[in-house]
Student: 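One structure, pasted below without further comment.
Here the structure is a predicted model, which means the values were calculated and not measured.
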Amino acid sequence: MKALIVSHEAGTKPGFVGDRLVERSVTCHSHVMVPDTSLPDQFEPPPQNGFDLLVIMGSYWSVYEDVISAWIGDELDLIRRSHEGGTPVLGICFGGQALAAALGGSVELSPETEIGWYEIAPADGTELPISTGPWMEWHHDRFALPPGAELLASTEACPQLFRVGRSVGTQFHPEISVELASHWMRESSDSYLDSCGVTREAILADVARNETANRRNCFDLVDWFLDDVARS
């Protein structure tokens, strides 16, 4: 099985998600959409075929931002065509928002920014197929589910996990590790972190404290996606 993993910047790597895919004997091709974040309209188009799974990672940008208009339409088309053609899609944070938008949902600024570790609550009448967490959150936007999607979990601020056919979207970051978070902190300006009311030291300490459990929970999520969703 071959997976195309689309990262939007060098810092949005697949982390534990990629680790588990490899452990499950999935051959992963990682593609960085924008090699230089100072030039967001200068992008490398991803491969259009030759893969069995599509994984869309997070991003520093928002799905609806004009600054990425040069490529976001093509990415949404790739997601839509993959899903409709029977290729399972796993979307994470920005990727979950892109999956929702590609299939007829929407993305908007969230009334509440979530940064840190949050428990997710199963939807009414739903037996959650993964752990309630806590999961790492870092987002300013939220998605509305596309038609026909099943809401699986949410927080007070927004939906967190949905399934539509053989595709899954998350709002949280199952991939996070200390290594990945350290890269995020290097890429984040002091003014941005101050505006969010967080510090590098506190973020990294929280990730270190939760890393072992998160790795296990992430692996369970990937196993569920591969075994129950992608093969359905």
Side-chain angles (χ1 to χ4, degrees), residues 1-8 12-32 46-59 75-76 78-100 102-103 105 120 122-123 126-137 143 145-146 148-154 159-177 179-180 210-232:
M1 185 174 287
K2 297 179 181 179
L4 171 63
I5 302 177
V6 177
S7 297
H8 300 93
T12 53
K13 297 178 180 179
F16 287 145
V17 170
D19 291 347
R20 188 55 171 173
L21 289 172
V22 170
E23 286 191 8
R24 291 291 306 271
S25 300
V26 177
T27 300
C28 296
H29 174 80
S30 293
H31 177 86
V32 178
Q48 298 296 304
N49 49 47
F51 53 91
D52 308 296
L53 300 172
L54 176 62
V55 181
I56 306 292
M57 300 305 301
S59 178
E75 180 171 314
L76 297 183
L78 173 62
I79 294 170
R80 186 181 307 109
R81 285 188 282 103
S82 298
H83 174 81
E84 292 178 350
T87 298
V89 181
L90 175 61
I92 294 169
C93 196
F94 176 99
Q97 296 166 4
L99 174 64
L103 302 185
I120 60 175
T126 298
E127 183 177 347
L128 197 60
I130 62 170
S131 173
T132 58
W135 298 94
M136 174 66 174
E137 305 276 0
F143 53 74
L145 269 61
E150 177 186 9
L151 175 65
L152 299 177
S154 61
Q160 291 289 334
L161 179 69
F162 72 94
R163 174 180 179 175
V164 53
R166 302 175 70 204
S167 297
V168 167
T170 80
Q171 185 57 75
F172 53 87
H173 285 278
E175 80 279 18
I176 196 67
S177 65
E179 179 183 4
L180 188 53
N210 287 281
E211 185 178 48
T212 298
N214 185 66
R215 180 179 184 274
R216 180 177 62 251
N217 291 339
C218 177
F219 281 18
D220 288 344
L221 183 151
V222 173
D223 288 346
W224 165 66
F225 175 69
L226 292 176
D227 298 333
D228 295 343
V229 179
R231 294 181 179 176
S232 62

Student: If you measure from OG1 on T12 to CD1 on I5, what distance do you get to the nearest 0.5 Å?
Tutor: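 It comes to 11.0 Å.
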
Student: Of the non-hydrogen atoms in S232 and V229, which two are nearest, and what is the gap between them?
Tutor: OG-O, 2.7 Å

Student: V89 and F225: which non-hydrogen atoms are nearest, and at how many Å?
Tutor: O-CE1, 3.6 Å

Student: Got a sec, which residues hit side-chain hydrogen bond (donor to acceptor under 3.5 Å, both in side chains) with E75, two or more places apart in sequence or on another chain?
Tutor: H8

Student: For the atom pair CD1 (I176) and CD (E211), what is the distance rounded to the nearest 0.5 Å?
Tutor: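 Spacing of CD1 (I176) from CD (E211) equals 9.0 Å.
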
Student: Answer yes or no: is there a side-chain heavy-atom contact under 4.5 Å between D19 and F16?
Tutor: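 With C-beta onward as the side chain, the pair touches.
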
Student: Is there a side-chain contact between R24 and D227, using heavy atoms and a 4.5 Å cut-off?
Tutor: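 Yes, their side chains come closer than 4.5 Å.
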
Student: Is there side-chain contact between S167 and L99, with at least one heavy-atom pair below 4.5 Å?
Tutor: yes

Student: Strictly distance-based, threshold 3.5 Å: is any side-chain N or O of R163 a donor or acceptor partner for the main-chain N or O of V168?
Tutor: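 No, the answer is negative, given that no donor and acceptor are paired below the 3.5 Å cut-off.
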
Student: Measure the spacing between CG of N214 and CZ of F219 and express it to the nearest 0.5 Å.
Tutor: 10.0 Å

Student: Where do P14 and S7 come nearest, in terms of heavy atoms and distance?
Tutor: CD-OG, 4.2 Å

Student: Could you list the donor-acceptor pairs under 3.5 angstrom formed by side chains in residues 47-58, with sequence neighbours left out?
Tutor:
{"from": "Q48", "atom 1": "OE1", "to": "R81", "atom 2": "NH2", "distance (Å)": "2.6"}
{"from": "Q48", "atom 1": "NE2", "to": "P46", "atom 2": "O", "distance (Å)": "3.0"}
{"from": "D52", "atom 1": "OD2", "to": "K2", "atom 2": "N", "distance (Å)": "2.8"}

Student: Please examine the side chains of Q171 and E137, heavy atoms only from C-beta on, and report whether any two atoms are closer than 4.5 Å.
Tutor: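 Yes, at least one pair of side-chain atoms sits under 4.5 Å.
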
Student: Could you report the tightest heavy-atom contact between L76 and A102, atom names first, then the distance?
Tutor: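 Heavy-atom minimum between the residues: O-CB, 3.5 Å.
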
Student: Once you round to the nearest 0.5 Å, how far does CD1 of I130 lie from CG of L152?
Tutor: 8.0 Å

Student: Do the side chains of W135 and L221 get nearer than 4.5 Å, heavy atoms only?
Tutor: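 Heavy-atom side-chain distance check passes, below 4.5 Å.
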
Student: Within the 4.5 Å heavy-atom criterion, are L226 and R20 side-chain neighbours or not?
Tutor: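 A side-chain contact under 4.5 Å is absent here.
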
Student: Donor-acceptor pair, distance only, cut-off 3.5 Å: does the side chain of R166 make one with the backbone of G86?
Tutor: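 Side chain of R166 to backbone of G86: a pair is present.
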
Student: For the OG atom of S25 and the CE atom of M1, what is their distance to the nearest 0.5 Å?
Tutor: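 Between S25 OG and M1 CE, I get 10.5 Å after rounding to 0.5 Å.
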
Student: P146 and A100: which non-hydrogen atoms are nearest, and at how many Å?
Tutor: CB-O, 3.8 Å

Student: Does any part of the side chain of P174, heavy atoms only, come nearer than 4.5 Å to the side chain of N217, both counted from C-beta?
Tutor: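 When only atoms from C-beta onward are counted, P174 and N217 do not touch, as no gap falls below 4.5 Å.
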
Student: Within a strict 4.5 Å, meaning less than it, do heavy atoms of the C28 and V22 side chains meet?
Tutor: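 Answer yes - side chains close enough.
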
Student: What distance do S59 atom OG and Q97 atom CD have between them, rounded to the nearest 0.5 Å?
Tutor: 9.5 Å

